[in-house]
Chemist: 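Sending over a structure as structure tokens; questions will come in a sec.
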There are 2 protein chains.
Amino acid sequence: MGFEEMAECYKALGDKTRLKILALLMVEDLCVCEFVEVLKMTQPAVSQHIRKLKNVKLVKERRQGQWIFYSLDRDRYPHLHSVWESLPDLSDEVEKLKVNGKKVYCTD
Amino acid sequence: MGFEEMAECYKALGDKTRLKILALLMVEDLCVCEFVEVLKMTQPAVSQHIRKLKNVKLVKERRQGQWIFYSLDRDRYPHLHSVWESLPDLSDEVEKLKVNGKKVYCTD
DNA sequence: CACATATATAAGAATATGCTTATATATACA
DNA sequence: TGTATATATAAGCATATTCTTATATATGTG
């Protein structure tokens with residue numbers, strides 16, 4: 001991987017909101033409307049951050065009905081494994097989603 | 001380490017020139033005038049990139065006479081070890097410096 | 001001390017980034 | 001087919017980034 005490509009990847013990591021999105025994806029796959037809840041941001045703002053993460057292949061998407069679930073592609077860049085491990089644990093945030101009835105359960 | 005601090009760190013990594021500086025520092029400690037030679041950039045441009053790396057503690061400096069040698073602080077962020085290992089090997093570039101008589105030898 | 005070399009800093013300009021609001025597209029369902 | 005929900009995209013604006021040129025500071029040397 002060349003310097004340009006690497007730089008684009010770290011640039012994607014170089015934002016607090018995107019790091020939180022990735023930390024949330026370490027807990028489980030989530031969709032945009034769930035990020036909107038947790039991050040208290042508008043839907044377009046979230047979508048634009050996710051687009052940047054997709055552009056550098058850090059996250060994958062899979063559509064399930066009207067929702068699109070995003071997942072962290074942990075193995076895309078093996079040298080980032082310890083970066084993922086170093087992210088703060090946000091499982092409490094995901095738990096709050098469930099408690100508040102904002103979690104999307106998809107039974108496809 | 002919080003998200004804000006992490007983001008600042010990855011932001012520092014999110015630039016092709018700075019990644020090259022770090023890759024060069026994987027080979028050996030270097031000073032600004034050597035980066036200027038290798039990177040074919042102006043001295044202020046190089047200094048400003050180094051300042052960003054210093055701000056997030058990725059590089060350390062030590063003055064030796066009129067030169068300031070910069071070094072990679074490999075252990076500052078343990079989760080970045082494999083990032084350092086993944087950087088392209090630029091020892092050829094440092095070798096060229098020596099061949100062209102642009103290497104700074106400091107005998108302090 | 002005067003001058004050369006190495007480095008840092010400041011100011012300005014061009015470009016990039018990250019939000020906002022408005023709108024388009026895709027899917028589900030009655 | 002019409003409506004609701006989820007998501008993406010576009011345009012515009014405020015701020016940040018990265019260069020350039022000019023200048024300041026620090027060290028070494030005659």
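This structure is a prediction, so every number in the text was calculated from the model and none was measured.
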Chemist: What integer distance in Å separates B:M41:CE from D:dT21:P?
Modeler: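 That distance rounds to 12 Å.
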Chemist: Check the phosphate of D:dT17 against B:H49, side-chain N and O only, distance under 4.0 Å to OP1 or OP2. Yes or no?
Modeler: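 It does not, given that no N or O in the side chain of B:H49 lies less than 4.0 Å from OP1 or OP2 of D:dT17.
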Chemist: Of all heavy-atom pairs between A:H49 and A:R18, which one has the smallest distance, and what is that distance?
Modeler: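 For A:H49 versus A:R18, the nearest heavy atoms are ND1-NH1, 3.0 Å.
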Chemist: Using the side-chain heavy atoms of B:V32, tell me which of these nucleotides is nearest: C:dA8, D:dT18, C:dA6.
Modeler: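 Output: C:dA8.
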Chemist: Going by heavy atoms in the side chains, are A:I50 and A:F35 under 4.5 Å from each other?
Modeler: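 In short, these two side chains touch, coming nearer than 4.5 Å.
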Chemist: Tell me which donor-acceptor pairs under 3.5 Å the side chains of residues 20-32 of chain A have, and how far apart each pair is, sequence neighbours excluded?
Modeler:
{"from": "A:E28", "atom 1": "OE1", "to": "A:K98", "atom 2": "NZ", "distance (Å)": "3.4"}
{"from": "A:E28", "atom 1": "OE2", "to": "A:K103", "atom 2": "NZ", "distance (Å)": "3.3"}
{"from": "A:D29", "atom 1": "OD2", "to": "A:R62", "atom 2": "NH1", "distance (Å)": "2.8"}

Chemist: Counting only side-chain N and O atoms of B:S47, is one of them less than 4.0 Å from OP1 or OP2 of C:dT7?
Modeler: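 So the side-chain polar atoms of B:S47 never come under 4.0 Å of the phosphate oxygens OP1 or OP2 of C:dT7.
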Chemist: Write down the distance between NZ (B:K40) and P (D:dT20), rounded to a whole number of angstrom.
Modeler: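 Interatomic distance, NZ of B:K40 to P of D:dT20: 15 Å.
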Chemist: Within the 4.5 Å heavy-atom criterion, are A:C9 and A:E5 side-chain neighbours or not?
Modeler: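 Counting from C-beta outward, A:C9 and A:E5 never come under 4.5 Å.
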Chemist: Give the rounded distance in Å between these two atoms: CD of B:E61 and P of C:dA6.
Modeler: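 About 17 Å, once rounded to whole Å.
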Chemist: Could you check A:T42 against A:K11 and say which one's nearest nucleotide on DNA chain C is further toward the 5' end?
Modeler: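 Counting from the 5' end, the first nearest nucleotide belongs to A:K11.
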Chemist: To the nearest Å, how far apart are A:R62 CZ and C:dT27 P?
Modeler: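 After rounding, the reported distance stands at 16 Å.
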Chemist: On DNA chain D, compare the nucleotides closest to A:V104 and B:R18; which residue's is nearer the 5' end?
Modeler: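 Comparing both residues, the 5'-ward one is A:V104.
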Chemist: Would you kindly give the CZ-to-C1' distance between A:F69 and D:dA8, to the nearest whole Å?
Modeler: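 Going from A:F69 (CZ) to D:dA8 (C1'), I get 17 Å.
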Chemist: Would you say the side chain of B:Q43 and the base of C:dA6 hold a donor-acceptor pair, judged only by whether the two atoms sit under 3.5 Å apart?
Modeler: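 Result: no qualifying N/O pair found.
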Chemist: Counting side-chain heavy atoms from C-beta on, which of D:dA6, D:dA8, C:dT27 comes nearest to A:R63?
Modeler: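 Nearest to the side chain of A:R63 among the choices is C:dT27.
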Chemist: Can you check the B:E37 CD to C:dT7 P distance for me, whole Å?
Modeler: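 Value for this atom pair: 12 Å.
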Chemist: Rounding to an integer number of Å, can you tell me how far B:N55 CG sits from D:dA16 C1'?
Modeler: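 Rounding to the nearest Å, CG of B:N55 and C1' of D:dA16 are 15 Å apart.
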Chemist: Counting the atoms with a prime plus P, OP1 and OP2 as sugar-phosphate, which does B:K16 contact under 4.0 Å by heavy atoms, base, sugar-phosphate, or nothing?
Modeler: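 No contact.
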Chemist: Please state whether the phosphate of D:dA8, meaning OP1 or OP2, lies under 4.0 angstrom from any side-chain nitrogen or oxygen of A:R51.
Modeler: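 So the side chain of A:R51 is outside the cut-off, no N or O lying under 4.0 Å from OP1 or OP2 of D:dA8.
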Chemist: Which of the following nucleotides, C:dT7, C:dT9, C:dC19, is nearest to the side chain of B:P44?
Modeler: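 Of the options given, the side chain of B:P44 lies nearest C:dT9.
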Chemist: Where the side chain of B:Q66 is defined as all heavy atoms beyond and including C-beta, which of C:dT7, C:dT5, D:dA8 is the nearest nucleotide?
Modeler: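 Of all the options, the side chain of B:Q66 is nearest to C:dT5.
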Chemist: A:I68 has a side chain; which of D:dT7, C:dT20, D:dT18 sits nearest to it?
Modeler: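 Nearest to the side chain of A:I68 among the choices is D:dT7.
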Chemist: Rounded off to whole Å, could you give me the CD-to-C1' distance for the B:Q64 and C:dT5 pair?
Modeler: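 It is 16 Å, rounded to the nearest whole Å.
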Chemist: Donor-acceptor pair under 3.5 Å: do we get one between A:Q48's side chain and the base of C:dT20?
Modeler: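 Yes, a donor-acceptor pair under 3.5 Å.
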Chemist: Fit a plane to each ring of B:Y10 and B:H79, take the angle between them on a 0 to 90° scale, and name the class: parallel (under 30°), tilted (30 to 60°) or perpendicular (over 60°).
Modeler: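 Plane angle over 60°, so perpendicular.
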Chemist: Verify the contact: side-chain N or O of A:K52 to OP1 or OP2 of C:dG18, cut-off strictly under 4.0 Å; return yes or no.
Modeler: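 Yes.
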Chemist: Cluster question for you: counting only ILVMFWY and a side-chain heavy-atom cut-off of under 4.5 Å, with indirect links fine, are B:V56 and B:W84 together?
Modeler: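 Yes, B:V56 and B:W84 fall within the same hydrophobic cluster.
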